Amino acid sequence: MSLKDFEKKREKEWQTQYKRDSEKFNQQVSHLTYSYEQACKERNNLLNSNIAKKTISNSSYSLTDEPELFNATYKVQDLERRLFIARAKQKYVRPNKLEDVTYRQHQEKDFQQEVLKIIPNNLLLRFHASPIYFSELIIKTKKIVPSYETYGIKTSADEEGKISVTKADNLHRHTMPFYSGLWEYKESLPAGCIFAVFPKTESELEDEKWFMNKIDFSTNPEQLYKIITTPENINLVKKWCKERGLDTHLVCDYENFLKILQKDVKQKKFTNSVDVQYASERTPEGNNIIENGAKQNRSAYVQMLEAASTSTKHRIGKVNEIIQKIKSSIKGKTKEVEKDDDHTLE
C-alpha cells in the first residue's frame, strides 16, 4: 500500500470515528443536562424543606447535621463539572488528520528526552498540563487554580491553595500521556496545552515535587514562561491570549519551545553564575533573570493522581456558601438558587 493510499484509508477511518465520537458527546450532553437539572431540583427542594428552613435559621447549624443536603449538593457540583467537559468535547470534536496525530505521537515519545538535554539541572521550571477545554479556561481566567476552586470538589491530588505540576524529568509519568491531551485524538479531539511556569518564591517549593502555589497571571505575569501546544492549536491559543491581554509570543509548539529554551539557556537568561532563580527575582520584560544568588530545590516524592479523592472541608465550604445565599431569600426567593446553578460553557 502506498503512502497516499494509507493516508486516504486513515482519513476515511477518522471520519467514521469523528461521527461516532460526535454522536457520543451529543448523547452525553443530553443525558447530563437532564441529570443536572434533576439534581438541582432535588437539592433546591431540600433547601426549601421545613427541616432546612428550621435548621438554617439556627446559627449553630452544621452541614454534617444534614447529610442528605450535603450529598445532594455534591451531586450537583459533580454533574456541573461533567456537563462542562461534555459540552466542551461537543464543541471541540473534529476529524483527525494524519499530520496532527503523527506529531502528537512523536512529542509524547521524545519531548521529555529533548527537554532534559537542554534544561539546567536546578532550574525551577515546572509544567502544568491540561486538555484544550481546561486550557481555554486557564487562559480566559488568567489563573491556574486547584479543581475545588472551580467546582467545589477535588478531581486531582491538588492540596489546598496549590496546583499539580511536574519537573522535566517526570513529564513522561502523567503530563505527556494524559493531562496534555496528546492522546485525545482517540476521541477526535485536539491536543491541550502545557503551561511552563516558575514558582514565585522559594518557600512554596520547599519539600515539594508535585505541587506549587496557584498562579494568577493578572498579578504575576512573570511566572508564565511559555504555553506549549500543537501546531493545530497555535492560532486559537494566541487568539485567547490576545483577548485576555496575555503576550501571544509566549505561545509556541513543542519544537519551537525546545529552540527557545535552548537559546535562553545558551544566553544565560536563567542564570547569572547560578543555576536557580525565582519569578520574584526576575524582571517581567521577556522573563529576564536578575542576579540574586543561588537557591537549591528541595523536593520529596508525593504520590500523584488520586483522581477519585474528595475534600470534605471544601465540599462543606461550597455548600455553606449556597446555604448562606438562600438564608436571606428563603421566603419566596428560591429562584435565585436556580439561577446560581445555571453555568454554561462560553
Side-chain angles (χ1 to χ4, degrees), residues 99-130 135 144 163-183 185 191-199 202 205 208-212 215 222-234 237 247 249-279 281-282 286-302 304-305:
E99 183 179 8
D100 175 66
V101 173
T102 303
Y103 183 90
R104 291 157 75 164
Q105 291 173 337
H106 171 68
Q107 298 309 325
E108 183 178 343
K109 178 176 178 291
D110 297 334
F111 181 70
Q112 174 181 292
Q113 293 306 316
E114 295 302 317
V115 172
L116 290 176
K117 291 176 184 178
I118 302 170
I119 196 168
N121 290 334
N122 291 328
L123 180 66
L124 295 188
L125 187 65
R126 295 293 187 265
F127 300 90
H128 177 90
S130 60
S135 296
I144 305 179
I163 57 173
S164 301
V165 294
T166 189
K167 296 174 64 178
D169 59 358
N170 276 290
L171 283 168
H172 68 288
R173 294 176 65 88
H174 304 296
T175 302
M176 297 301 295
F178 302 114
Y179 298 138
S180 66
L182 288 176
W183 65 271
Y185 64 85
C193 298
I194 298 178
F195 296 81
V197 296
F198 286 100
E202 178 183 11
L205 286 180
E208 292 287 4
K209 184 176 183 178
W210 299 109
F211 304 104
M212 60 181 279
I215 304 174
E222 72 281 358
Q223 286 190 254
L224 179 59
Y225 176 56
K226 296 296 175 188
I227 302 175
I228 312 164
T229 190
T230 56
E232 176 189 10
N233 296 333
I234 290 291
V237 176
D247 186 355
H249 293 93
L250 298 179
V251 182
C252 59
D253 62 25
Y254 287 78
E255 279 94 351
N256 279 316
F257 174 79
L258 294 172
K259 292 176 182 178
I260 294 167
L261 180 63
Q262 187 173 41
K263 181 180 178 181
D264 287 349
V265 170
K266 187 176 181 179
Q267 294 181 354
K268 298 184 177 181
K269 288 189 176 182
F270 299 126
T271 173
N272 208 329
S273 73
V274 297
D275 288 328
V276 179
Q277 294 286 350
Y278 296 84
E281 300 163 356
R282 296 159 54 229
N287 287 320
N288 293 321
I289 307 301
I290 63 173
E291 292 185 54
N292 208 355
K295 295 181 177 68
Q296 295 299 319
N297 174 32
R298 301 183 295 276
S299 61
Y301 181 78
V302 179
M304 187 67 171
L305 198 63

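By convention here, the first residue in the shown sequence is residue 1. Because the structure is a prediction, the values reported are computed rather than measured.
You'll find the side chain of Arg104 reaches within 4.5 Å of the side chain of Asp100, heavy atoms only. In this structure, the side chains of Lys263 and Gln267 come closer than 4.5 Å at one or more pairs of heavy atoms. Ile194 is not listed as a side-chain neighbour of Thr229, based on a closest heavy-atom distance of 4.5 Å or more.
Between Glu108 and Met176, the shortest heavy-atom contact is CA-CE, 3.9 Å. Heavy-atom minimum distance, Ala191 versus Leu182: CB-CD2, 4.0 Å. Of all non-hydrogen atoms in Leu171 and Gln112, the two that sit nearest each other are N-OE1, 3.0 Å. In terms of heavy-atom proximity, Ser130 sits nearest to Ser135 at OG-OG, 2.8 Å. Leu250 and Tyr225 get closest at one heavy-atom pair: CD2-O, 3.3 Å. Looking at every heavy atom in both residues, Pro120 comes nearest to Val265 through CD-CG2, 3.8 Å.
For the pair Arg126 (side chain) and Thr166 (backbone), a donor-acceptor distance under 3.5 Å is absent. Within the 3.5 Å criterion, the main-chain N or O of Val197 finds no donor-acceptor partner in the side chain of Gln223. A donor-acceptor contact shorter than 3.5 Å links the side chain of Tyr103 to the backbone of Tyr254. Using modelled atom types, no side-chain atom of Asn233 and backbone atom of Cys193 make a donor-acceptor pair closer than 3.5 Å.
Applying the side chain to side chain donor-acceptor pair (under 3.5 Å) criterion to Asp253, with sequence neighbours excluded, gives Asn256. Partners of Thr175 according to the side chain to side chain donor-acceptor pair (under 3.5 Å) rule, which considers only residues two or more places apart in sequence or in another chain, do not exist here.
Between Phe257 and Phe111, the ring planes are tilted. Angles from 30° to 60° get that label. By the 30° and 60° cut-offs, the orientation of the rings of His128 relative to Phe195 is tilted.
Going from atom CG of Leu261 over to atom CG of Leu123 covers 7.5 Å, rounded to the nearest 0.5 Å. We find the CD1-NE2 distance between Ile227 and His249 to be 13.0 Å, quoted to the nearest 0.5 Å. Here Lys167 contributes atom NZ and Phe127 contributes atom CZ; the two are 11.0 Å apart, rounded to the nearest 0.5 Å. Here the straight-line distance linking atom CD of Gln107 with atom CD1 of Ile228 works out to 9.5 Å at 0.5 Å rounding. Remark: Ile118 CD1 to Ile260 CD1 distance equals 11.0 Å, nearest 0.5 Å.
Residue Gln105 qualifies as enclosed at atom CD: its count of foreign heavy atoms under 6.0 Å is above 12.
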